[in-house]
Amino acid sequence: MYNVNVYVTYKESVLDPQGQAVNEAISRLGFSGVSDVRVGKYFVMNIKATELEINRKVDDICDQLLANPNMEHYRYELEELGE
């Protein structure tokens, strides 16, 4: 059994209006030195399979459902939970 953490964000070439709004709010609050804020999505799944099967399954889930491959990219982390 694995815990899978999936992070989906816009590609660097895609405008992130929500990230820009957060960046502007940070600046208005007086925080300096913060730039290029990106907003994304975070998913947590528990999957029972081998690590190889999980990698294939998570890639398919992300490509077909969680991320728009034209605008977003994803990465994920696996954490073995045991049986």
Side-chain angles (χ1 to χ4, degrees):
M1 177 77 82
Y2 286 83
N3 181 58
V4 183
N5 299 305
V6 180
Y7 306 89
V8 180
T9 56
Y10 284 117
K11 293 180 178 180
E12 291 296 322
S13 60
V14 176
L15 180 65
D16 182 354
Q18 191 174 6
Q20 287 180 331
V22 170
N23 194 60
E24 290 169 10
I26 289 170
S27 180
R28 281 193 307 273
L29 289 171
F31 296 102
S32 62
V34 179
S35 63
D36 196 30
V37 175
R38 308 291 286 181
V39 174
K41 299 178 276 188
Y42 172 64
F43 302 91
V44 179
M45 298 180 269
N46 290 330
I47 301 176
K48 186 174 184 178
T50 67
E51 189 171 341
L52 180 60
E53 292 171 330
I54 289 173
N55 286 320
R56 288 183 190 146
K57 191 175 291 193
V58 172
D59 283 332
D60 287 344
I61 290 169
C62 289
D63 289 337
Q64 295 177 32
L65 178 67
L66 302 182
N68 177 339
N70 295 318
M71 298 175 48
E72 299 170 316
H73 59 89
Y74 63 89
R75 67 179 176 82
Y76 57 89
E77 301 166 348
L78 303 178
E79 175 187 0
E80 190 169 8
L81 298 175
E83 296 299 317

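Hydrogens, waters and symmetry mates are skipped; everything else that's a heavy atom, side chains included, is used.
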Item checked: Joint hydrophobic cluster, V44 plus Y76, side-chain heavy atoms closer than 4.5 Å -> no

Next item on the list: Say whether I54 and L66 are linked into one hydrophobic cluster, either directly or through other cluster members, by side-chain heavy-atom distances under 4.5 angstrom.
Entry: yes

Kindly give the heavy-atom pair with the smallest separation between [X] and [Y], and that separation in Å.
X   : Y   : answer
Y7  : E77 : OH-OE1, 3.4 Å
N23 : D36 : OD1-N, 3.9 Å
V14 : R38 : O-NH2, 3.2 Å

Next item on the list: Could you grab the distance from atom CG of N68 to atom NZ of K11, nearest 0.5 Å is fine?
Entry: 8.0 Å

Notebook entry, point to check: Going from CD on E53 to OH on Y2, what distance comes out if it is rounded to the nearest 0.5 angstrom?
Noted result: 10.5 Å

Note, [X] side chain near [Y] side chain (heavy atom, < 4.5 Å):
X   : Y   : answer
L15 : Q20 : yes
K57 : V4  : no
N55 : L78 : yes

Margin query: So, applying side-chain contact (heavy atoms from CB on, under 4.5 Å) with V8, which one of M71, H73, K41 is it?
Written below: K41

Note to self: Under a 3.5 Å distance rule, please check whether D63 uses its side chain to pair with a backbone N or O of P69 as donor and acceptor.
What the structure shows: no

Next item on the list: Tell me, yes or no, whether the heavy-atom count around Y42 atom OH, taken from other residues, nucleotides or ligands under 6.0 Å, exceeds 12.
Entry: yes

